[in-house]
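So you know, we letter chains A, B, ... as the sequences are listed, proteins then strands, and number each from 1.
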Protein chains: 2
Amino acid sequence: MAIAGMTIGEAAARTQCTPATIRYYEEIGLLRLVGRGANGRRAYGQPELHRLRFIRRCRDLGFPIEDVRALLDVMDAKTPSCLSARDLTLTHLNTVRARRDELEALERTLTAMAASCTEACASGATPDCTLMEELSG
Amino acid sequence: MAIAGMTIGEAAARTQCTPATIRYYEEIGLLRLVGRGANGRRAYGQPELHRLRFIRRCRDLGFPIEDVRALLDVMDAKTPSCLSARDLTLTHLNTVRARRDELEALERTLTAMAASCTEACASGATPDCTLMEELSG
DNA sequence: GCTTGCTCTTCAAGTTACTTGAGGAGTTAC
DNA sequence: GTAACTCCTCAAGTAACTTGAAGAGCAAGC
């Protein structure tokens with residue numbers, strides 16, 4: 001069976017990572033060192049795939065690496081308690097909300113800027129256009 | 001008057017930058033080299049302040065440095081045309097919108113995850129909690 | 001005149017989360 | 001056998017600054 005002893009390339013394909021990313025996660029200690037075949041190549045099994053998918057999912061959710069590390073610790077605990085994971089999630093959620101608010105404000109400003117230029121300069125640039133002034137603060 | 005010949009610290013205070021950031025902008029060529037006093041220290045005047053505020057405003061609006069460089073080129077042009085500035089603005093706006101959409105989706109997912117844990121674990125962690133499973137993908 | 005403390009100078013390295021590239025070797029397909 | 005992959009390691013590059021080290025100027029107070 002090919003299940004026990006996947007190459008890094010296979011593991012990558014099954015977890016939406018790249019081989020380089022997997023090596024990187026190993027280097028920073030998110031992934032334990034895996035066994036090597038006689039040829040010196042890394043060999044991955046199901047537990048590593050599961051861990052990689054977990055990491056990948058957390059990253060897709062925008063958790064920074066250090067949060068992922070903490071979430072992995074929760075997962076690894078003998079009796080995993082979701083409570084600290086929930087705390088991390090809520091804290092992260094606040095960050096996401098704050099950032100989204102910023103982007104919404106940005107969007108309004110940029111939209112207004114572009115619109116004012118479009119109006120003033122419908123038929124070629126005019127001195128009435130305030131776009132550059134708005135960029136001057 | 002103190003206007004011609006501000007130190008980097010004064011210029012920084014008046015533009016919401018830090019001295020290190022100003023030196024950095026000089027290093028990457030957003031800011032021209034300014035004159036130095038007999039003591040070898042940089043001396044800033046009004047034109048530099050204006051340019052710094054422009055840069056700062058663009059950065060606050062989320063434009064990447066290379067866009068700022070292009071916007072400065074527009075500002076520096078003999079007959080500044082806002083049209084390419086508007087193009088940059090619209091392109092940037094699309095990026096902002098896309099990112100905001102991502103963050104909104106993230107927000108929904110994270111909110112649902114935290115809520116499901118809060119419900120299941122109102123009185124201490126329970127095995128019903130699916131938070132960790134949701135993180136496993 | 002001297003010390004204290006703030007600001008200035010340069011240059012190098014650290015930050016986040018990877019990606020890219022170089023150089024070399026093993027493996028697979030034909 | 002050889003071409004085309006994939007793997008290995010190690011180093012450097014990315015964005016936009018920030019932080020730190022080492023050295024020197026300058027203003028205020030004693």
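- Between the CZ atom of B:Arg69 and the C1' atom of D:dA16 there is a distance of 12 Å, given to the nearest Å.
- Contact check for B:Leu103 versus B:Glu107: no side-chain heavy atoms found under the 4.5 Å cut-off.
- Proximity of a side-chain donor or acceptor of A:Arg59 to a complementary backbone N or O of A:Phe63 within less than 3.5 Å is detected.
- For the pair B:Phe63 CZ and D:dA15 P, the interatomic distance rounds to 18 Å; values are reported in whole Å.
- Nucleic acid contact class of B:Ile8 (heavy atoms, under 4.0 Å, all strands): sugar-phosphate only.
- Per the geometry, CD1 belonging to A:Ile22 stands 13 Å off P belonging to D:dT9, to the nearest Å.
- Rounded to whole angstrom, the span from the CZ atom of B:Arg56 across to the P atom of D:dC17 amounts to 8 Å.
- Judged purely by atom type and a 3.5 angstrom limit, B:Glu10 uses its side chain to pair as donor or acceptor with the backbone of B:Thr7.
- For the pair A:Tyr44 OH and D:dT6 C1', the interatomic distance rounds to 13 Å; values are reported in whole Å.
- One can place CD of A:Glu10 at 12 Å from C1' of D:dC7, the figure rounded to the nearest angstrom.
- One finds no salt bridge joining B:Glu26 and B:Arg32 here, because no Lys/Arg side-chain nitrogen approaches an Asp/Glu carboxylate oxygen to under 4.0 Å.
- Regarding contacts with the backbone of D:dT18, a side-chain N or O of B:Thr18 is found under 4.0 angstrom from either OP1 or OP2.
- Using a 4.0 Å cutoff to heavy atoms of chain B, the contacted part of DNA chain C runs 5' to 3' from C:dT7 to C:dT10.
- A salt bridge does not link A:Glu48 with A:Arg51: every distance from a Lys NZ or Arg NE/NH1/NH2 to an Asp or Glu carboxylate oxygen is 4.0 Å or more.
- The nearest heavy atom of DNA chain D to B:Ile65 and to B:Arg41 marks one nucleotide each, and the one closer to the 5' end goes with B:Ile65.
- In summary, B:Arg100 and B:Glu104 engage in a salt bridge, as defined by a charged side-chain N under 4.0 Å from a carboxylate O.
- The CZ-C1' distance, from B:Arg42 to D:dA24, rounds to 15 Å in whole Å.
- Side-chain contact check for A:Arg86 and B:Thr118: at least one donor-acceptor pair (N or O, by modelled atom type) lies under 3.5 Å.
- Within the nucleic acid shown, B:Arg23 comes within 4.0 Å of at least one base atom, counting heavy atoms only.
- If A:Arg59 and B:Thr7 are placed on DNA chain C by their nearest nucleotide, the residue sitting closer to the 5' end is B:Thr7.
- Nucleotide D:dC10 holds its P atom 11 Å from the CD atom of A:Glu26, rounded to whole Å.
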